Amino acid sequence: IGKVRRLYGGFILLRTEKFFSIIQKGINMAEASKLPPSASSSGAEGSAVGSRYFVRDDTHCFVACQISELLVDGKKCFVRNLKNESQTQRLVNVQDLEKYPLISEEERDSPPDNMLFTKDFHEAGVLDKVRTRFAIGNQYTYAGSVLVRVQSFNWAMEKDTEDLMLNSANAAAKGSVDLGSMRAGLYTFLEKHLSLLHVERRQTIFLGGVCGAGKSETMKQCLDYVGFTRSPQSSSQEPQETEGPSRDYRRHFAAVARVLETFCNARTSVSQNSSRCARVTKVWLDEKTGYVLQTLTNVHLLEKYRVVARLEAERNFFIFYTLLFGTSMEFREKYKLVKVSARPDDSCVGGIPMLEASSPKAKAKWTKRFENLKEAWASLSLTDDDIDSVVSLVAAVLSISSIRFENKDVPGKGRVASINAFSKPHLENAAFLLGVDTEALFLALTVNKPRGDGVAMDLNASEATRARDQLCCDLYGNCV
């Protein structure tokens with residue numbers, strides 16, 4: 001596993017049966033003569049009141065319960081959660097219980113380091129013990145000769161990050177690895193491959209996984225470690241003289257991540273803060289000092305169509321709500337955002353609920369996000385003209401998406417697209433923000449003019465709407 005240069009962060013989100021098969025495969029690889037299982041978990045001695053089993057649960061996959069009452073037919077029973085005696089009883093099938101008996105009560109509080117020696121060797125027992133080990137800080141669990149690592153950035157975070165980075169760098173230099181810390185393994189992994197740059201001039205780390213697995217957070221920690229240990233401005237080591245201006249790359253990486261999160265992240269049905277882009281970050285290091293010389297981040301927006309079309313339970317990119325609900329009235333008047341509506345079908349915002357938009361708690365959240373965005377722009381040394389250009393493009397997208405077309409019968413042309421009095425202010429605002437003539441923008445949305453000497457064709461309302469949506473996606477793509 002250590003030789004494969006890939007990181008899959010996050011708790012196991014794949015099917016629990018597949019996860020259990022991985023552990024079972026590792027146990028099967030062990031030599032039975034040297035590492036025999038200590039007990040068998042083929043079943044329990046009948047189902048009676050007080051018997052303990054693992055029961056499927058929507059939140060925790062499985063929970064430990066005991067039978068509190070058996071029904072007359074003996075096919076169903078009531079069970080109570082062992083960790084919460086006051087919880088309402090649940091009615092389950094006895095046949096389902098018998099698949100996952102709880103044999104060893106001691107292992108619930110003190111699970112073994114190797115699942116080869118567990119007495120509750122079944123899907124529910126193994127998952128419960130791996131979860132228990134993770135909860136007490138042991139993210140590594142052996143399954144025979146296979147080492148399983150569980151990591152989640154949403155549950156446990158180290159406090160003394162800088163000390164951990166230095167200790168991990170020193171441990172990697174000595175060839176030792178600290179398996180007891182949540183992020184020490186990641187930092188040691190990075191240091192190992194950074195130290196190979198003098199042998200192999202290029203090192204590539206690929207971060208992959210399902211949605212919500214922790215790819216973005218892993219990337220942040222990777223770049224934070226590189227910025228801390230390879231930047232003379234942020235490292236606690238004595239800075240060495242380098243050619244050219246030096247920069248605190250740790251702050252630089254954090255600022256880039258904050259900007260990308262605002263422009264490329266959105267709420268989906270799976271995650272509250274999901275990255276909808278692919279990022280490739282290149283870092284060049286000085287051969288003599290090992291410090292960062294320059295960086296380059298390429299962003300590939302995967303869902304430009306999200307600007308104009310989304311599922312009902314999903315939201316648009318965070319930047320739209322940040323500008324609409326996290327800025328002052330003076331700011332919104334400057335960028336013509338006052339008349340942009342968040343009601344359904346009025347703009348690309350798409351009918352965000354009031355609790356997520358204009359409630360006091362929501363406004364505080366969006367205001368804080370905008371303040372963080374301004375701090376990130378300042379850290380990246382963006383000029384006022386650069387910021388004005390980006391904000392103007394996003395505001396223009398909001399205004400253009402508010403334009404509504406209707407068909408109008410014109411003699412000799414048939415049904416052509418036109419805008420009503422409600423949409424005219426949005427057209428004028430968009431033209432102002434883009435620095436173009438209002439009539440030219442209207443013709444760009446309602447007339448299809450091929451390049452060269454082709455004949456221009458007037459579009460109807462539905463065709464003009466598609467042209468409007470395409471323009472919004474293209475403009476937003478230029479922002480990113």
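Keep in mind the model is a prediction, meaning the values are calculated, not measured. Just the heavy atoms: all of them, side chains too, but no hydrogens, waters or symmetry mates, feed the values below.
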4.5 Å side-chain heavy-atom contact, [X] and [Y]:
{"X": "Asp120", "Y": "Tyr100", "result": "no"}
{"X": "Leu285", "Y": "Val283", "result": "yes"}
{"X": "Phe54", "Y": "His122", "result": "yes"}
{"X": "Leu71", "Y": "Cys77", "result": "no"}
{"X": "Asn316", "Y": "Cys348", "result": "yes"}
{"X": "Leu102", "Y": "Tyr53", "result": "no"}

Residue list, side-chain hydrogen bond (donor to acceptor under 3.5 Å, both in side chains) with [X], at least two apart or on another chain:
{"X": "Ser271", "result": "none"}
{"X": "Arg258", "result": "none"}
{"X": "Asn273", "result": "Glu261, Asn265"}

Supply the atom-to-atom distance [X] [atom1] to [Y] [atom2], rounded to the nearest 0.5 angstrom.
{"X": "Lys129", "Y": "Phe121", "atom1": "NZ", "atom2": "CZ", "answer": "11.5 Å"}
{"X": "Tyr321", "Y": "Lys365", "atom1": "OH", "atom2": "NZ", "answer": "10.0 Å"}
{"X": "Ile403", "Y": "Thr465", "atom1": "CD1", "atom2": "OG1", "answer": "10.0 Å"}
{"X": "Ser402", "Y": "Leu337", "atom1": "OG", "atom2": "CG", "answer": "9.5 Å"}
{"X": "Lys339", "Y": "Leu398", "atom1": "NZ", "atom2": "CG", "answer": "15.5 Å"}
{"X": "Thr118", "Y": "Asp113", "atom1": "OG1", "atom2": "CG", "answer": "12.0 Å"}

Under 3.5 Å: donor-acceptor pair, side chain of [X], backbone of [Y]:
{"X": "Asn420", "Y": "Phe422", "result": "yes"}
{"X": "Arg52", "Y": "Ile67", "result": "no"}
{"X": "Ser401", "Y": "Ser347", "result": "no"}
{"X": "Asp469", "Y": "Val308", "result": "no"}

So, for [X] and [Y], which heavy atoms are closest and what is the spacing to 0.1 Å?
{"X": "Leu324", "Y": "Arg332", "answer": "O-CD, 3.4 Å"}
{"X": "Ala278", "Y": "Leu302", "answer": "N-CG, 3.9 Å"}
{"X": "Ala430", "Y": "Ile400", "answer": "CB-CG1, 3.5 Å"}

> For Glu375 and Arg251, what are the C-alpha separation, side-chain angles and deciding distance, and is it a salt bridge (Lys or Arg N to Asp or Glu O under 4.0 Å)?
Replying inline: CA-CA 11 Å; Glu375 292 178 2; Arg251 293 182 57 190; over 6 Å; no
Does the side chain of [X] pick up a donor-acceptor pair with the side chain of [Y] at under 3.5 Å?
{"X": "Arg279", "Y": "Thr281", "value": "no"}
{"X": "Arg133", "Y": "Thr141", "value": "yes"}
{"X": "Gln66", "Y": "Ser51", "value": "no"}

- prompt: Mind checking whether Phe317 and Tyr476 have parallel, tilted or perpendicular rings, split at 30° and 60°?
  reply: parallel
### Task
Give me the ring orientation class for His252 and Tyr249: parallel if the planes are under 30° apart, tilted from 30 to 60°, perpendicular past 60°.
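Rings of His252 and Tyr249: perpendicular, over 60°.
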Determine, step by step, whether Ser275 and Ser216 satisfy the side chain to side chain donor-acceptor pair (under 3.5 Å) criterion, reporting the C-alpha distance in whole Å, the side-chain angles of both residues, the deciding distance to 0.1 Å, and the verdict.
-> CA-CA 7 Å; Ser275 299; Ser216 299; 2.7 Å; yes
* Is the ring centre of Phe331 less than 6.0 Å from the ring centre of Phe370? -> yes
Q | Other residues, nucleotides, ligands: >12 heavy atoms within 6.0 Å of Lys363 NZ | A | yes
**Message:** Looking at Lys220, I'd like to know if its NZ atom is crowded, meaning that more than 12 non-hydrogen atoms belonging to other residues, nucleotides or ligands lie closer than 6.0 Å.
**Reply:** yes
inquiry  = Regarding Glu105 and Lys119, does a basic nitrogen lie under 4.0 Å from an acidic carboxylate oxygen?
reply    = no
Self-check item: SB check Lys368 Glu371 (cutoff 4.0 Å)
Solution: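 Answer for the salt bridge query: no.
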Under the criterion salt bridge (Lys or Arg N to Asp or Glu O under 4.0 Å), I'd like the reasoning laid out for Arg306 against Glu314: C-alpha separation, chi angles, the key distance, then a yes or no. CA-CA 9 Å; Arg306 180 176 288 273; Glu314 298 193 353; 2.8 Å; yes
Report task. Give a yes/no verdict on a cation-pi contact between Arg369 and Phe318, requiring under 6.0 Å between NZ or CZ and the six-membered ring centre and an angle within 45° of the axis. Result ->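 Geometry flag: set, cation within 6.0 Å and 45°.
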